Q: 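Here you go, one structure.
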Amino acid sequence: MTTPLNILILGGVGAQNSHVAKELAVAGHKVRILTRDTQKRGARELAAWPGIEIVQGDTYDEETLEAALKGIQSVYVNTNGFAIGERSEIYWSIRIYEIAYWAGVKHFVYSTLPYVSRRSGFNPKFRVPFVDGKAKFAEYLKSQPTNPMNWSLIESGPYAEDNLYRRPPTYDERTGEWVWRIYLGEGGCYPLVDLPDFAWFARYIHEHPEEFRGDLLSVGIKHTSGKELAEALTATTGKPSRYVPLTKEEFLQDAPPIKIGAAHSPGYDDPTLWTAQQMFLHWSTVWIDSVGNTGLWTRDYERLDKLKPDRIKTVAEWMKSVGYDPEKPKHLVNTGMTVAGVGEVFLWGEDGSEQDKD
Ligand SMILES: NC(=O)c1ccc[n+]([C@@H]2O[C@H](COP(=O)([O-])OP(=O)(O)OC[C@H]3O[C@@H](n4cnc5c(N)ncnc54)[C@H](OP(=O)(O)O)[C@@H]3O)[C@@H](O)[C@H]2O)c1
């Protein structure tokens with residue numbers, strides 16, 4: 001056990017942050033986590049964990065940040081670009097950095113995503129604002145000193161817990177197969193992330209600030225194609241399965257033309273905040289182009305293996321770990337939008353509208 005740290009988690013008590021909070025608390029660290037609504041289900045659940053302090057407040061508010069940062073040694077930041085838009089995400093990430101620096105924080109850990117649009121030569125078809133916002137801040141961070149406040153970056157990716165349950169395979173009575181219809185092209189790959197392993201790496205970075213001084217760790221299970229998803233399902237459940245690539249037109253029918261953000265977000269009325277349809281079309285285009293581990297979104301899986309030899313290394317292992325069964329769908333995580341006064345809302349309503357989740 002390393003020396004216990006006082007760690008502040010910013011960006012709410014959502015899917016990613018709640019996993020990181022629990023992992024840190026179980027390891028003996030004192031975790032303070034900010035949420036706008038201490039009474040919502042996720043916040044109440046976390047509050048029951050020893051070592052986790054839930055504090056009411058909005059991450060995107062200077063006074064709140066100044067108060068929450070008192071006595072904090074290490075900060076974990078996962079801003080919500082989905083909700084607040086690219087412009088606000090860049091602005092608030094920089095302000096959070098500056099306020100943490102002034103508050104005397106020793107280690108600033110930022111959860112980011114790769115700068116795919118730059119890697120593509122700024123090809124507009126690969127521009128995903130909720131990815132670019134984090135990536136542009138990461139470039140800013142790389143230009144900052146690592147003294148007196150050290151910094152580290154950790155890159156996530158599409159959560160298996162979210163993506164494989166949000167778009168599960170459907171049963172084809174005609175052929176007796178479970179058919180996975182995804183907009184992933186013939187050889188395109190998902191660089192899926194297992195949230196418990198991601199949280200393990202986030203904790204490791206907090207506990208090893210020197211090893212990750214001014215460094216970036218990119219996390220993922222393995223680049224996995226649609227065909228491999230179907231094979232993994234058959235291997236783990238015995239159910240015959242097949243992958244069918246969706247066409248762009250079919251994909252667009254599924255993705256609602258509504259803003260991903262929610263009313264009351266700092267950036268909701270910002271014209272640069274895109275709709276779900278626009279964002280996920282480009283997000284999927286990145287995967288279609290990521291054949292194998294060679295496209296715009298790459299991972300050094302050997303480095304991850306060295307750090308955590310028992311990590312989840314294949315989607316089949318992930319399916320076994322969660323008991324994945326398309327006949328028993330369950331919400332492993334509730335990512336999406338949260339509307340003040342309404343609670344959690346489902347991003348993908350049957351008719352493309354927002355749906356109450358509870
Ligand atoms: N879903 C994925 O597969 C995936 C993969 C990689 C990266 N990400 C990134 O993760 C971030 C989202 O975090 P998450 O995946 O953990 O999602 P999440 O569970 O849906 O939400 C995280 C937090 O965002 C806050 N939030 C929601 N709506 C808001 C609003 N209108 N204004 C201000 N804050 C709002 C909430 O904070 P409160 O607790 O204060 O309500 C919520 O707890 C995004 O930037 C996304 O790009 C997602």
Side-chain angles (χ1 to χ4, degrees), residues 9-21 33-47 54-61 64 68 76-86 88-90 92-93 110-114 116 128-135 137-138 154-167 190-195 198-199 202 218-221 259-270 273-274 276 279-280 282-284 286-287 297 331-348 354 357:
I9 297 185
L10 292 171
V13 293
Q16 185 179 126
N17 288 354
S18 58
H19 276 81
V20 173
I33 181 163
L34 213 58
T35 178
R36 295 164 307 156
D37 180 3
T38 55
Q39 292 313 306
K40 70 176 174 183
R41 191 179 44 198
R44 287 201 315 266
E45 195 220 322
L46 278 179
I54 302 285
V55 175
Q56 170 92 38
D58 188 341
T59 294
Y60 314 107
D61 177 82
T64 306
Y76 182 80
V77 185
N78 176 35
T79 46
N80 193 336
F82 279 156
I84 67 172
E86 180 181 2
S88 286
E89 184 162 41
I90 297 168
W92 278 108
S93 298
Y110 186 81
S111 176
T112 189
L113 293 167
V116 280
V128 192
F130 70 79
V131 175
D132 270 12
K134 292 184 190 307
F137 170 73
I154 180 166
E155 268 179 6
S156 66
Y159 314 145
E161 291 86 346
D162 183 24
N163 285 265
L164 300 189
Y165 276 108
R166 201 193 284 274
R167 281 178 283 275
Y190 270 150
L192 292 166
V193 164
D194 168 65
L195 277 171
F198 177 85
S218 304
V219 179
I221 297 174
K259 284 188 180 186
I260 288 188
H264 317 294
S265 304
Y268 188 70
D269 296 322
D270 184 335
L273 182 59
W274 285 13
M279 296 242 211
F280 287 116
H282 290 203
W283 169 255
S284 300
V286 174
W287 315 133
W297 190 298
H331 286 301
L332 285 177
V333 295
N334 285 330
T335 65
M337 296 178 288
T338 312
V339 182
V342 175
E344 289 165 344
V345 292
F346 215 177
L347 183 57
W348 308 104
E354 296 177 10
K357 199 151 203 177

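When a ligand or atom number is given, it counts from 1 through the structure's own listing order. What you see is a predicted model; the values in this text were computed from it and never measured.
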Q: Closest by any non-hydrogen atom to atom 21 (O) of ligand 1: pick that one out of T112, N80, L34.
A: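 Looking at heavy atoms only, N80 sits closest to atom 21 (O) of ligand 1.
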
Q: Using modelled atom types and a 3.5 Å cut-off, is there a donor and acceptor pairing between side-chain atoms of D58 and backbone atoms of D61?
A: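 Absent.
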
Q: Could you list which atoms of ligand 1 come closer than 4.0 Å to a heavy atom of V13?
A: 39 (O), 43 (O)

Q: Test your reading of the model: is there a side-chain donor-acceptor pair from K134 to the backbone of Y110, 3.5 Å cut-off?
A: no

Q: Which of the numbered atoms in ligand 1 are below 4.0 angstrom from a heavy atom of S156?
A: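 Atoms satisfying the 4.0 Å criterion: 6 (C), 7 (C).
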
Q: Please check this pair: side chain of T35 against backbone of D37, looking for a donor-acceptor N/O pair closer than 3.5 Å.
A: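 Side chain of T35 to backbone of D37, a donor-acceptor pair under 3.5 Å: yes, one is there.
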
Q: Is G14 in polar range of ligand 1, meaning some N or O pair under 3.5 Å apart?
A: yes

Q: Report the part of V193 (side chain from C-beta onward, or backbone N, CA, C, O) that has a heavy atom under 4.0 Å from ligand 1; answer both or neither where that applies.
A: neither

Q: Excluding sequence neighbours, so at least two apart, what forms salt bridge (Lys or Arg N to Asp or Glu O under 4.0 Å) with D132?
A: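 Expected list: R127.
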
Q: Sub-3.5 Å donor-acceptor pair from the side chain of E161 to the main-chain atoms of L195, do we have one?
A: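 Looks like yes, one N/O pair under 3.5 Å.
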
Q: So if I count the atoms of ligand 1 from 1 in the order they appear, which ones are less than 4.0 Å from some heavy atom of K40?
A: 38 (P), 39 (O), 41 (O), 43 (O)

Q: Which atoms of ligand 1 are found less than 4.0 Å from any heavy atom of G11?
A: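 That gives atoms 22 (C), 23 (C), 24 (O), 25 (C), 37 (O) of ligand 1.
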
Q: Is there side-chain contact between P129 and M279, with heavy atoms separated by less than 4.5 Å?
A: yes

Q: Could you say whether the N/O atoms of G57 and ligand 1 ever approach to under 3.5 Å?
A: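 Between G57 and ligand 1 (N or O atoms, distance only) the closest approach is not under 3.5 Å.
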
Q: Only heavy atoms of N163, strictly under 4.0 Å: list the atoms of ligand 1 that pass.
A: 3 (O)

Q: Is there any N or O on Y60 that sits under 3.5 Å from an N or O of ligand 1?
A: no

Q: Any side-chain heavy-atom pair from F137 and W92 closer than 4.5 angstrom?
A: no

Q: Relative to the heavy atoms of F130, which atoms of ligand 1 are at a distance of less than 4.0 Å?
A: 47 (O)

Q: Once you measure the plane-to-plane angle for W283 and F130, does it fall in the parallel (<30°), tilted (30-60°) or perpendicular (>60°) bin?
A: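 Because their plane-to-plane angle lies in the 30° to 60° range, the rings of W283 and F130 count as tilted.
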
Q: At under 4.0 Å between heavy atoms, is it the side chain or the backbone of A15 that contacts ligand 1, or both, or neither?
A: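 Under 4.0 Å from ligand 1, A15 contributes backbone and side-chain atoms.
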
Q: So if I count the atoms of ligand 1 from 1 in the order they appear, which ones are less than 4.0 Å from some heavy atom of G12?
A: 37 (O), 38 (P), 39 (O), 40 (O), 43 (O)

Q: With a cut-off of 4.0 Å, which atoms of ligand 1 are near a heavy atom of Q16?
A: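 Matching atoms, with element in brackets: 16 (O).
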
Q: Measure T79 to ligand 1 on non-hydrogen atoms and call it side chain, backbone, both or neither using the 4.0 Å cut-off.
A: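 Only the backbone of T79 comes within reach of ligand 1.
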
Q: At the 4.0 Å heavy-atom cut-off, does D162 count as touching ligand 1?
A: yes

Q: Does ligand 1 have an atom under 4.0 Å from some heavy atom of T59?
A: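 Contact check T59 vs ligand 1: negative.
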
Q: Would you please name every residue forming a side chain to side chain donor-acceptor pair (under 3.5 Å) with Y190, sequence neighbours left out?
A: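 Once residues adjacent in sequence are excluded, Y190 has no partner under the side chain to side chain donor-acceptor pair (under 3.5 Å) criterion.
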
Q: With heavy-atom distances below 4.5 Å as the criterion, would you say the side chains of W297 and E155 are in contact?
A: no

Q: Counting only nitrogen or oxygen atoms and a 3.5 angstrom limit, does W283 reach ligand 1?
A: no

Q: For the pair N17 (side chain) and L10 (backbone), establish whether a donor and an acceptor sit closer than 3.5 Å, ignoring hydrogens and angles.
A: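 Such a contact is found between N17 side chain and L10 backbone.
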
